[in-house]
Amino acid sequence: MSVSLKLDTIISSYSFNKLVSPSITDASLSLLSISSPFLPKSKLSLRNRSRTSSSSSNPSSNVIVKASTSSSSSPSSTTLSDSEDIKITSVPTKPIEGQKTGTSGLRKKVKVFMQDNYLANWIQALFNSLPPEDFKNGSLVLGGDGRYFNREAAQIIIKIAAGNGVGKILVGRDGILSTPAVSAVIRKRKANGGFIMSASHNPGGPEYDWGIKFNYNSGQPAPESITDKIYGNTLSIFEIKIANVPDVNLSKIGVTEYGSFTVEVIDPVSDYLELMKYVFDFELIKSLLSRSDFRFIFDAMHAVTGAYAKPIFVDSLGAEPDSIVNGVPLEDFGHGHPDPNLTYAKDLVDILYGENGPDFGAASDGDGDRNMILGSRFFVTPSDSVAIIAANAEAAIPYFKNGPKGLARSMPTSGALDRVAAKLKLPFFEVPTGWKFFGNLMDAGKLSICGEESFGTGSDHVREKDGIWAVLAWLSIIAYRNKDKKTGEKLVSVSDVVKEHWATYGRNFFSRYDYEECESEGANKMMSYLRDLISKSKGGEKYGSYALQFADDFTYTDPVSYYYYLKFIYSL
């Protein structure tokens with residue numbers, strides 16, 4: 001089909017903070033934001049001339065939303081409002097298959113998200129799923145891990161948010177905000193929620209992965225009740241509400257106003273750093289990192305924590321500048337796989353296991369919510385790590401000076417944390433994989449420290465797992481154990497702390513097997529086989545020198561939701 005655009009109408013319609021829709025004839029689509037690097041050069045490209053209070057538009061990152069209608073004689077977009085502030089347009093669209101969110105949002109290849117309206121449909125479906133009071137005239141946070149396509153996606157999200165009546169967007173400079181930082185900003189600034197642009201620990205770049213998820217007003221990932229509604233609305237969506245506002249310059253901190261809609265570009269580190277200083281004793285940690293007989297290294301894996309590493313570890317805690325490696329966030333993570341484990345962080349592992357290696361090493365992942373902890377020639381498993389943090393938190397971390405409220409782990413994680421909870425007589429919870437299950441317990445005041453075997457550790461300071469928090473927690477423990485040590489005295493090491501923990505609580509072993517890019521049919525057959533095997537297993541059965549205690553097909557009843565359910569039933 002052909003597209004006919006009247007250039008004189010388009011050019012004359014560009015004015016300060018206002019764009020009048022171009023005339024369109026014999027068209028099945030309209031170009032609402034005029035330029036995109038992802039379209040063929042034959043498309044019309046115009047640079048907008050709007051000015052803002054503290055930033056200019058960035059034509060190189062303009063985005064496009066396409067509209068289609070079933071009839072070529074009908075207009076392809078409808079003006080919903082046309083005030084002196086901004087113009088809101090209803091853009092016709094159609095459902096796109098495959099937009100069901102997983103445990104941490106919607107993740108696909110970048111090229112999928114770059115398809116016409118793929119991201120826009122999901123964002124609009126989200127707004128269609130939320131009660132209006134949860135976003136109308138309210139504020140939302142926007143940030144991500146710096147991966148490829150984030151800058152373009154941010155402009156799409158900003159415009160659709162404005163089109164749906166959001167009053168303010170708080171976005172990290174250059175679109176950068178780690179996942180735990182988004183949660184922290186939501187909580188500190190009392191925002192209605194926030195968008196996180198990330199595919200977590202998965203590779204980035206034009207041929208790799210991209211993702212989006214939404215966190216609610218306490219900073220926690222959206223519950224299944226919302227994500228199920230989003231998916232349902234992606235199956236019936238018919239319009240996208242988009243504001244015709246210029247792209248925002250995300251590289252400059254400041255406020256841009258379009259009538260009643262505001263975009264504030266914020267420093268990605270300051271709110272999060274303030275929270276870390278509240279949780280931890282920075283002077284205690286600084287006393288460790290400034291020692292001449294203690295060496296520290298942190299691998300940011302060219303991911304989002306590169307933006308946080310220098311301000312926190314170097315500027316605030318006194319670590320040497322060269323202790324930060326791969327500290328510049330890159331859109332493709334330096335062609336690496338930003339997953340902090342023994343496989344993908346092998347360079348760091350080799351350094352710690354080498355001759356005269358550092359005393360302490362750590363790494364974090366793409367969006368900054370995972371971590372790996374290493375000592376000299378010693379690896380701390382994630383299951384042990386959360387248990388050791390919990391066992392030492394009250395003594396070493398000021399935030400827990402009155403003791404943790406409760407402990408929890410995901411089902412696949414080893415039972416090391418269970419032993420700590422039992423010994424300290426703390427409430428304990430075993431939950432499905434997905435941080436939102438921890439968040440519900442935290443909001444109810446039942447949980448302080450939790451973790452997953454997939455290198456995720458955190459606490460109720462935010463509602464996400466937090467890689468840098470885990471590193472600071474370990475540094476606090478090592479610093480506390482060595483606070484009275486004089487230079488030249490043997491320091492308590494990472495391995496010393498772990499081995500002492502095993503001697504006190506016992507040691508748990510577990511194995512994890514990763515199967516990547518498997519076909520669903522084969523995976524489902526394997527799960528069916530395991531379920532059949534478990535159903536036939538009995539306690540006491542011998543496997544070599546080991547006896548089976550129990551094997552189960554895990555189920556979970558949320559104690560918070562169940563409590564309110566029972567309360568409702570008994571009130572009838």
Student: Between atom CG of Leu417 and atom OH of Tyr505, what is the distance when rounded to the nearest 0.5 Å?
Tutor: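 Interatomic distance, Leu417 CG to Tyr505 OH, rounded to 0.5 Å: 10.5 Å.
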Student: State whether Phe113 and Lys108 meet the cation-pi test: NZ (Lys) or CZ (Arg) under 6.0 Å from the six-membered ring centroid, and within 45° of the perpendicular axis.
Tutor: no
Student: Looking at Glu283 and Lys483, does any basic side-chain N land under 4.0 Å from a carboxylate oxygen?
Tutor: no
Student: Run the salt-bridge test on Arg377 and Glu355 with the 4.0 Å N-O cut-off and return the result as yes or no.
Tutor: yes
Student: Given the rule in the side chain to side chain donor-acceptor pair (under 3.5 Å) test, do Asp558 and Asn440 qualify, once you have shown the distances and angles that lead to the verdict?
Tutor: CA-CA 8 Å; Asp558 189 313; Asn440 208 22; 2.6 Å; yes
Student: Considering non-hydrogen atoms only, spot the tightest contact between Ala199 and Arg147 and give its length.
Tutor: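 For Ala199 and Arg147, the tightest heavy-atom pair comes out as N-NE, 3.4 Å.
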Student: Within a 6.0 Å radius of atom OH on Tyr208, are there more than 12 heavy atoms belonging to other residues, nucleotides or ligands?
Tutor: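 No, because the 6.0 Å sphere around OH of Tyr208 holds 12 heavy atoms or fewer from other groups.
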Student: Determine, step by step, whether Asp443 and Ser218 satisfy the side chain to side chain donor-acceptor pair (under 3.5 Å) criterion, reporting the C-alpha distance in whole Å, the side-chain angles of both residues, the deciding distance to 0.1 Å, and the verdict.
Tutor: CA-CA 8 Å; Asp443 287 343; Ser218 70; 3.2 Å; yes
Student: Please check if the distance between the ring centroids of Phe296 and Phe313 is under 6.0 Å.
Tutor: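 Aromatic pair counts; centres sit under 6.0 Å.
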Student: Nearest 0.5 Å, what's the CG-CZ distance between Asn215 and Arg187?
Tutor: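 Output value for this atom pair is 11.0 Å.
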Student: Could you give the distance from CZ (Arg409) to CD (Glu452), rounded to the nearest 0.5 Å?
Tutor: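 With rounding to 0.5 Å, CZ (Arg409) is 11.5 Å from CD (Glu452).
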Student: Test ring pair (Phe, Tyr, Trp, His ring centres under 6.0 Å) on Phe127 and Phe135; report intermediate values, then the result.
Tutor: CA-CA 8 Å; Phe127 284 114; Phe135 64 89; 5.0 Å; yes
Student: Taking atom NE2 of His337 and atom CG of Asp209, what is their separation to the nearest 0.5 Å?
Tutor: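 With rounding to 0.5 Å, NE2 (His337) is 8.0 Å from CG (Asp209).
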Student: Under a 3.5 Å distance rule, please check whether Ser178 uses its side chain to pair with a backbone N or O of Gly368 as donor and acceptor.
Tutor: no
Student: Nearest 0.5 Å, please: how far is NZ in Lys310 from OG in Ser323?
Tutor: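 Interatomic distance, Ser323 OG to Lys310 NZ, rounded to 0.5 Å: 11.0 Å.
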Student: Begin from the C-alpha positions of Asn508 and Arg419 and carry the test side chain to side chain donor-acceptor pair (under 3.5 Å) through to its verdict.
Tutor: CA-CA 9 Å; Asn508 289 72; Arg419 295 173 180 266; 2.7 Å; yes
Student: Please determine if Asp293 and Lys485 form a salt bridge, counting it only when a charged side-chain N lies under 4.0 Å from a carboxylate O.
Tutor: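 Salt bridge absent between Asp293 and Lys485.
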Student: Would you compute the distance between atom CZ of Arg295 and atom CD1 of Ile351 and round it to the nearest 0.5 angstrom?
Tutor: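 CD1 of Ile351 is found 10.5 Å from CZ of Arg295.
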Student: Taking all non-hydrogen atoms of both residues, which atom of Ala161 and which atom of Ile169 are closest, and how far apart?
Tutor: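 Result for this residue pair: CB-CD1, 3.8 Å.
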